[in-house]
Structures are given as C-alpha cells and as structure tokens.
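Positions are given from 1 along the sequence.
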Amino acid sequence: MKIMSINAGSSSLKFSLFDMETETSIASGLFERIGIEKSNYKIKYQGTKIEQEVPLETHADAVDILLKKLVELNIIASLDEIDAIGHRVAHGGDLYKSSVLITEKVVDDLVNLKDFAPLHNPAHVLGIRAFQQALPNVPMTIVPDTAFHQTMDEVTYMYPVPYEWYSEYKVRKYGAHGTSHRYIAETLAEKLGRNDLRIINCHLGNGGSITAIKDGKCVDTSMGFTPLAGIMMGTRSGDIDPSIIPYVMEKEGKNASEIISDLNKKSGFLGLSCYSSDARDILDGVSKGLEKCYLAQEKFVRTVVNYIASYYVLLGGCDILCFTAGIGENSIPFRMKIVEKLACLGIKLDVDRNNTRDLDMFKISSDDSSVDVYVVATNEELLIARDTLELIS
Ligand code: ADP
C-alpha cells in the first residue's frame with residue numbers, strides 16, 4: 001500500500017510517498033517557484049537526490065512531472081501503485097474536526113474558507129484539482145491543520161469582543177500546526193503506553209505554537225484566529241496589543257494589510273535582532289556580542305516560558321513537556337534556556353541528555369524532574385498518510 005502526502009502552497013508543491021507497510025518514506029521532494037521564473041524541483045529517493053530547473057506554469061505541470069518521474073526513476077512500477085493521496089490543508093474552519101475524504105462539497109468548503117487562509121486554501125484547491133485531473137480514480141483526503149484544535153471549549157476559543165464578530169464573521173481561535181501537535185500526542189501516548197497524559201507540546205520552528213493536550217485532545221493552543229498570534233516566531237510577532245496597528249499605520253502612512261505583512265514577515269527574531277529570522281544566526285549573533293540578538297533570544301524564551309507556565313496551570317500540572325520542529329528538535333541552547341526558566345515548577349534538565357542528537361525521541365529531563373521533558377521529531381506527512389489510509393480502509 002503506497003500513499004502520498006501533499007502540501008500545495010501558492011507557488012510550491014511538497015510531496016512524500018510512503019510505503020504504509022513499513023511507514024517509511026520511499027520518495028519525497030519539492031516543486032518550487034510554480035508560475036514564476038527559475039522554477040525547479042528536487043526529488044530524494046533511495047539515498048539519491050535529483051534537482052532540475054524546469055518551466056512550471058501551473059500546479060498541474062508540477063503534478064505531471066512528479067508522476068512521470070516517479071515511474072521513470074523506478075520509484076514505482078506504475079501509477080496504479082499510488083493507492084491514495086492525502087492533502088494537507090491550512091484551514092478547515094469549524095467545519096472540519098477531523099480528516100475526510102474529498103468530495104465536491106469539501107472542495108467548495110475550502111474555497112468558501114479562503115478568507116481565513118487567503119494564501120493557503122486557494123493553493124490547496126489548485127493542488128487537489130491537479131491530482132484529480134491526473135489520477136481521477138485515486139481516492140483523496142484533506143487533513144486540516146486546524147482540525148486537532150476543534151476540541152477547545154467555548155471559553156478557550158472565544159475572544160472577549162462583540163459577540164456578533166463571532167456569530168456574523170466566525171472570529172474565534174482556530175489554531176494551527178494541529179497535525180504536528182496530534183502526531184506528537186499520539187507518538188508519546190504510543191511510546192509511553194499511556195492515553196491519560198497532560199502534555200505541553202512546543203512546536204518551535206520558523207513558525208511556532210504551543211499546545212496544551214489532555215488525554216490526547218487539544219485543550220488550548222497559542223495560535224489564534226490566524227497563525228500570527230501566540231509566541232514570538234522567526235518573522236512573526238506573536239501576541240501584541242492591537243492598538244499598535246492603527247498607531248503605526250498613521251506614523252508610516254501604511255494601510256492595515258501592509259502593517260499585518262510587517263507583523264508576519266518583518267517581526268519576531270528578524271524584527272528585534274535586525275539581523276536574522278533564523279535561530280542559529282541569533283545564537284551566533286549573541287556569541288559575537290550583538291545586543292539586539294540577545295534581546296531577540298531572551299524575548300523568544302520569555303514568550304515560550306509564559307505559555308508553558310499558563311498551560312501548566314490550565315492542565316492542573318503536566319506529565320510531559322515536549323519540544324519539536326526545527327528549533328525544538330535541534331537547538332540544544334534554546335531548549336536549555338527554556339527549561340532553566342521552569343525551575344520554580346521543579347522541572348529540571350539533564351545537560352548530557354539534552355546534548356543528544358539525531359534520535360526521533362529522547363528524554364532530556366533529569367530523573368528528579370517534576371515533569372518528564374522529551375524531544376520528539378515531528379512527522380506531519382506520515383500522519384497525513386496514516387489518516388488517509390484509515391479513511392480509505
Ligand atoms: P518551518 O517548518 O516552520 O519553516 P522548521 O521547523 O524547519 O521551520 O524550523 C526552522 C528553525 O529551526 C530555524 O529557526 C532554524 O534556525 C532552526 N534550526 C534548524 N536546525 C537547527 C539546529 N541544528 N540548531 C538550531 N536551530 C536549528
């Protein structure tokens with residue numbers, strides 16, 4: 001059984017093809033700059049990597065080349081080997097509480113939800129249409145990144161704003177990174193043999209979010225109506241006072257969408273450090289004595305610790321604190337700085353364990369820590385494939 005996970009962006013298409021008997025990725029890759037000059041693709045398979053510049057006017061062109069290459073490179077003998085395709089979807093609104101098989105209604109819903117994810121949802125629809133055209137008989141699913149957070153209660157997802165903003169315009173907390181948070185919750189439950197865990201999961205990548213999970217269900221998450229909310233990120237501000245927006249609009253003669261773009265693309269590590277959006281560069285800057293990099297490092301740690309502390313109270317304690325994604329899985333110094341600030345909760349790091357590298361799951365807390373702290377490598381693509389397999393079975 002072979003299942004493909006797809007993540008179609010506005011000018012890109014990522015894929016991962018899984019052999020579901022072993023749950024291993026047999027090929028993966030990325031088509032980039034679709035619709036713009038210098039479009040190209042990269043495919044990794046059996047320890048080999050190919051890269052090529054090729055004209056890609058539409059997502060359908062990318063899908064055409066992808067399917068041809070899978071056969072040409074002997075990754076599969078024929079397209080009949082692709083049993084199903086799962087599409088990652090950024091926003092399922094409050095309509096989708098889990099992954100579902102794609103029907104025309106599902107595609108219409110994604111189009112109607114475009115106001116919530118104007119860059120992403122239309123791109124997902126392009127990806128779905130391209131695969132429907134190329135492989136009309138292959139069943140397909142959507143796996144919405146918001147679905148896992150649909151278990152949040154009303155007190156959590158409502159904002160204290162005029163009620164009509166919710167009833168008329170559906171303004172509420174939706175969250176994001178749900179597929180990653182669910183993968184971590186399911187992996188911890190399976191590996192530790194417990195379904196009753198209180199988990200605080202820190203997905204710290206270029207985008208970042210923290211989720212409070214109880215008995216496998218999301219209780220609260222740091223991202224909000226959009227992925228701009230929550231902790232400070234690579235280029236995103238996270239939570240700020242909304243009054244800043246009209247104030248800076250007037251000062252700089254910008255409109256609201258220009259300011260939102262600054263908050264999405266010029267803030268976070270990049271904004272505060274005036275140096276880089278990348279966590280490694282920030283640490284490098286700190287070691288060179290750059291004060292703004294130090295400020296950025298400390299602000300990031302502070303916003304992460306604040307959310308962990310608030311979720312510790314919300315969950316009435318915590319069994320597992322988990323780190324995942326680029327910074328969470330790899331940054332020994334950032335994990336140390338965060339955990340050190342949690343000493344008042346009895347959470348303690350084991351420095352040697354924290355130095356572990358290249359494992360999919362490892363513990364970094366000391367044996368006398370009040371909470372077990374783990375690092376778990378996330379694998380959203382595999383969860384998309386697993387959901388798809390379950391839906392077609
Ligand atoms: P996204 O998927 O949100 O684009 P990633 O999960 O790939 O982001 O995370 C990117 C972040 O992870 C960057 O800030 C990068 O510096 C950080 N990162 C990746 N590898 C390492 C590493 N070895 N040490 C420290 N930080 C790392």
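- Taking the charged nitrogens against the carboxylate oxygens, Asp115 and Lys170 have no contact shorter than 4.0 Å, which rules out a salt bridge.
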Where do Asp153 and Thr156 land on the side chain to side chain donor-acceptor pair (under 3.5 Å) test, with the steps shown first? CA-CA 5 Å; Asp153 68 10; Thr156 307; 2.6 Å; yes
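- Atom OG1 of residue Thr103 and atom CG of residue Asp108 lie 8.0 Å apart, to the nearest 0.5 angstrom.
- The hydrophobic cluster containing Tyr374 also includes Met1, Ile3, Phe18, Met20, Leu101, Phe148, Tyr183, Ile184, Leu188, Leu192, Leu197, Ile199, Ile213, Ile320, Met361, Val376, Leu382, Leu383, Leu389, Leu391, Ile392, under a criterion of side-chain heavy atoms closer than 4.5 Å among ILVMFWY residues, counted directly or through chains of members.
- Defined by atom type and a distance below 3.5 Å, a donor-acceptor pair is present between the side-chain atoms of Thr211 and Thr221.
- Grouping Ile, Leu, Val, Met, Phe, Trp and Tyr by side-chain contacts under 4.5 Å, direct or through others, leaves Leu126 on its own.
- Under the ring pair (Phe, Tyr, Trp, His ring centres under 6.0 Å) criterion, the residue pairs touching residues 19-70 are Phe31-Tyr41, with sequence neighbours excluded.
- With sequence neighbours left out, Tyr169 forms a ring-ring contact (aromatic ring centres under 6.0 Å, His included) with no residue at all.
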Salt bridge (charged side-chain N to carboxylate O under 4.0 Å, His left out) for Lys173 and Asp220? Distances and angles first, verdict last. CA-CA 9 Å; Lys173 181 186 274 211; Asp220 199 355; 2.8 Å; yes
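- Ile332 belongs to no hydrophobic cluster with other residues, because no ILVMFWY side-chain heavy atom falls under 4.5 Å from its own, directly or through intermediates.
- Between the CG atom in Asn354 and the OG atom in Ser366 there is a gap of 11.5 Å [rounded to 0.5 Å].
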Let me check something: any side-chain donor-acceptor pairs from residues 291-298 under 3.5 Å, sequence neighbours excluded? List them with distances.
none

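- Applying the ring pair (Phe, Tyr, Trp, His ring centres under 6.0 Å) rule to pairs touching residues 212-257 yields Phe116-Phe225, sequence neighbours excluded.
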Could you list the donor-acceptor pairs under 3.5 angstrom formed between side-chain atoms of residues 65-78 and any protein atom two or more places apart in sequence or on another chain?
residue : atom : partner : partner atom : Å
Lys69   : NZ   : Glu72   : OE2          : 3.0
Ser78   : OG   : Asp80   : N            : 3.2

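- The backbone N or O of His177 sits less than 3.5 Å from a side-chain atom of Asp145, completing a donor-acceptor pair.
- Among pairs with a residue in residues 120-131, those fulfilling side chain to side chain donor-acceptor pair (under 3.5 Å) read Glu104-Arg129, Arg129-Gln132, at least two apart in sequence or across chains.
- For residues 384-393, the pairs satisfying side chain to side chain donor-acceptor pair (under 3.5 Å) are Glu23-Arg386, Ser99-Asp387, Thr141-Thr388, Arg182-Asp387, with sequence neighbours left out.
- Other cluster members for Ile384: Val143, joined by side-chain heavy-atom distances under 4.5 Å among Ile, Leu, Val, Met, Phe, Trp and Tyr.
- For the pair Ile231 and Leu204, the minimum side-chain heavy-atom distance is below 4.5 Å.
- Under a 3.5 Å cut-off, the side chain of Thr235 and the backbone N or O of Gly268 do not form any donor-acceptor pair.
- If you take CG on Leu314 and OH on Tyr307, they are separated by 12.0 Å, rounding to the nearest 0.5 Å.
- Legend: salt bridge (Lys or Arg N to Asp or Glu O under 4.0 Å) pairs involving residues 4-14, not counting sequence neighbours: none detected.
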